[in-house]
Amino acid sequence: MATRRLRPSLLSVSVALILAVVSVVGFGLSKSNTDKQEQALLQSNTTLAADYASQIFSGLATSLSSAAASVTSTNGSPTAFEHAEAVTSPLVMLLVRKTGATYVVTAVAGGGFQPGQVLEGDALSTVEHAGAKLIAGPVDFNGKLSTARFAIGAPTVPAGLVVYEQFSLDPYTATPVTTGKPFEQLKVALYGAGPISMHNLLVSTSSSLPFTGPVARATVTVGSSDWTLVAVARHPLIGGFAKSSSIMLLVLGLLMALIVGAAIDILARRRRYAEGVAAERTQELIEAQASLVRRERLSAVGEMATVIGHELRNPLGA
């Protein structure tokens, strides 16, 4: 006896497919909505973190302005500058005088430079653009240390003088910029002015750069320059349950499509089975009735033959 293949019915397949499509569409809409909420929260937190960093660097501008005021009051005295500015490593502060086309260090607070040294490179580029407002020079990362440079010049200080400041640090070491409350839920990287690249990285709370996935950016104001803060969330900001709700919706929808399709197919199979049984029994009844009719006909023929034989024997006997 040949076995019948269990093929799902067209109705069950159609219903399951419709429910699956609805589940996929619902998943897409739900995920899009949660992604938008996550990105909005990420951007909001990144903006708060950038504002916090801007406030920290505004303190740096205040210290340089204070040093500039001291230089003005002492008429650019190198000795007074060295005694007034007590800084510790890695911070360095210089009093620089323009001599012709060069800028020469006249006083040093900190280390790394010597009086009489001629500035060059990024330090020279920074002091050349110094003005009344704090200017942030190039930020560079050499693979081990990041260096940031700042300067303020005339008319905040006497003409021909510039107050220069710089510091170097390991960008992956915790600093006040990256340990404040706005950074608790974020991984951040702060880049100097210009394109975002490892060459102008200042600080970062993660060594996995560049960041991948949903990323937010915000501007950190440093004097007259704009630096860029890039951030990603450490954990879903909208909550783990809300983040996974779209996946749960998809799984439940597909499971429901499978269950409903299977239920419809089972009901259809039962209906077909019942119809088959009814048809078989009907056929059996028809065949039984036909057999009964044949037997009755044969019985009638037999009785008729008996009567005819009896009638024939009577005259033959006579």
Side-chain angles (χ1 to χ4, degrees), residues 38-39 41-64 66-67 85-94 109-113 122-123 126 134-151 164-223 225-240:
E38 178 75 12
Q39 188 64 34
L41 287 174
L42 176 60
Q43 186 61 55
S44 176
N45 287 8
T46 303
T47 301
L48 289 175
D51 292 341
Y52 178 79
S54 297
Q55 292 175 7
I56 291 178
F57 282 109
S58 69
L60 179 63
T62 301
S63 69
L64 266 179
S66 176
E85 304 304 328
V87 298
T88 57
S89 180
L91 188 65
V92 179
M93 188 173 289
L94 308 176
F113 291 84
D122 291 333
T126 302
L134 172 71
I135 182 172
V139 174
D140 70 84
F141 174 51
N142 61 10
K144 294 183 178 179
L145 296 176
S146 293
T147 303
R149 304 166 178 85
F150 312 90
Y164 172 85
E165 185 177 62
Q166 80 170 38
F167 61 82
S168 298
L169 49 77
D170 182 346
Y172 304 113
T173 300
T175 67
V177 177
T178 56
T179 55
K181 187 174 181 180
F183 301 94
E184 292 177 351
Q185 296 180 313
L186 302 175
K187 294 180 182 179
V188 300
L190 180 61
Y191 298 88
I196 296 175
S197 70
M198 291 298 295
H199 297 293
N200 64 343
L201 172 69
L202 181 61
V203 292
S204 175
T205 58
S206 173
S207 58
S208 300
L209 296 174
F211 293 135
T212 58
V215 175
R217 295 183 177 129
T219 299
V220 176
T221 301
V222 184
S225 301
D226 290 334
W227 291 3
T228 304
L229 184 74
V230 181
V232 295
R234 295 182 182 273
H235 308 287
L237 300 177
I238 61 175

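Remember, it's a predicted structure, so these values are computed and weren't measured experimentally.
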Would a distance-only check, ignoring hydrogens and angles, find a side-chain to backbone donor-acceptor pair under 3.5 Å from Gln39 to Val215? yes
Quick check: closest heavy atoms across Trp227 and Ala193, and the distance to 0.1 Å? CD1-N, 3.2 Å
Partner of Leu190 under side-chain contact (heavy atoms from CB on, under 4.5 Å), picked from Asn200, Val139, Val203, is Val203
List for me each residue that meets side chain to side chain contact (heavy atoms under 4.5 Å, CB included) alongside Ile196, sequence neighbours excluded, and say none if there are none. Tyr191, Arg217, Thr228, Val230
Provide the closest heavy-atom pair for Leu202 versus Ala148 in the form atom of the first, atom of the second, distance. CD1-CB, 3.9 Å
Do you know the tightest heavy-atom contact between Gly137 and Thr126? CA-OG1, 3.3 Å
Check: Pro171 main-chain N/O paired with Ser204 side-chain donor or acceptor under 3.5 Å: no
Starting from the C-alpha separation in whole Å, work towards a yes-or-no answer on side-chain contact (heavy atoms from CB on, under 4.5 Å) for Val92 and Phe167. CA-CA 6 Å; Val92 179; Phe167 61 82; over 6 Å; no
How far does CE of Met93 sit from OG of Ser63, to the nearest 0.5 angstrom? 5.0 Å
For the student: nearest non-hydrogen atoms of Met198 and Phe141, plus distance: O-CB, 3.2 Å
Where do Ala136 and Ser225 come nearest, in terms of heavy atoms and distance? O-OG, 3.4 Å
Please round to the nearest 0.5 Å and tell me the distance separating atom CZ of Phe150 and atom CG of Leu64. 8.5 Å
Enter the distance from Tyr172:OH to Ser206:OG here, rounded to the nearest 0.5 Å. 8.0 Å
Side chains of Leu237 and Asn45 in contact at under 4.5 Å (non-hydrogen atoms): yes
Roughly how far, to the nearest 0.5 Å, is NZ of Lys187 from CZ of Arg234? 6.5 Å
Between the CG atom in Leu201 and the CG atom in Asn142, the distance rounded to the nearest 0.5 Å is 11.0 Å
Does the side chain of Leu42 come within less than 4.5 Å of Gln185's, by heavy atoms? no
When you measure from the side chain of Ser66 to the backbone N and O of Thr62, does any donor-acceptor pair fall under 3.5 Å? no
Specify the closest pair of heavy atoms between Val188 and Ala231, including all atoms of both residues, with the distance to one decimal. CG1-CB, 3.8 Å
Side chain to side chain, Val220 and Phe57, heavy atoms closer than 4.5 Å: yes
Using 0.5 Å steps for rounding, measure from the OG1 atom of Thr219 to the CG atom of Leu229. 9.5 Å
Using modelled atom types and a 3.5 Å cut-off, is there a donor and acceptor pairing between side-chain atoms of Thr173 and backbone atoms of Leu169? no
Taking Leu91's backbone N and O only, do any of them form a donor-acceptor pair with Glu165's side chain (distance below 3.5 Å, no angle check)? no
Are any of the side-chain heavy atoms of Pro214 and Val232 separated by less than 4.5 Å? no
Quick one: does Ser58's side chain have a donor or acceptor within less than 3.5 Å of a partner on Gln55's backbone? yes
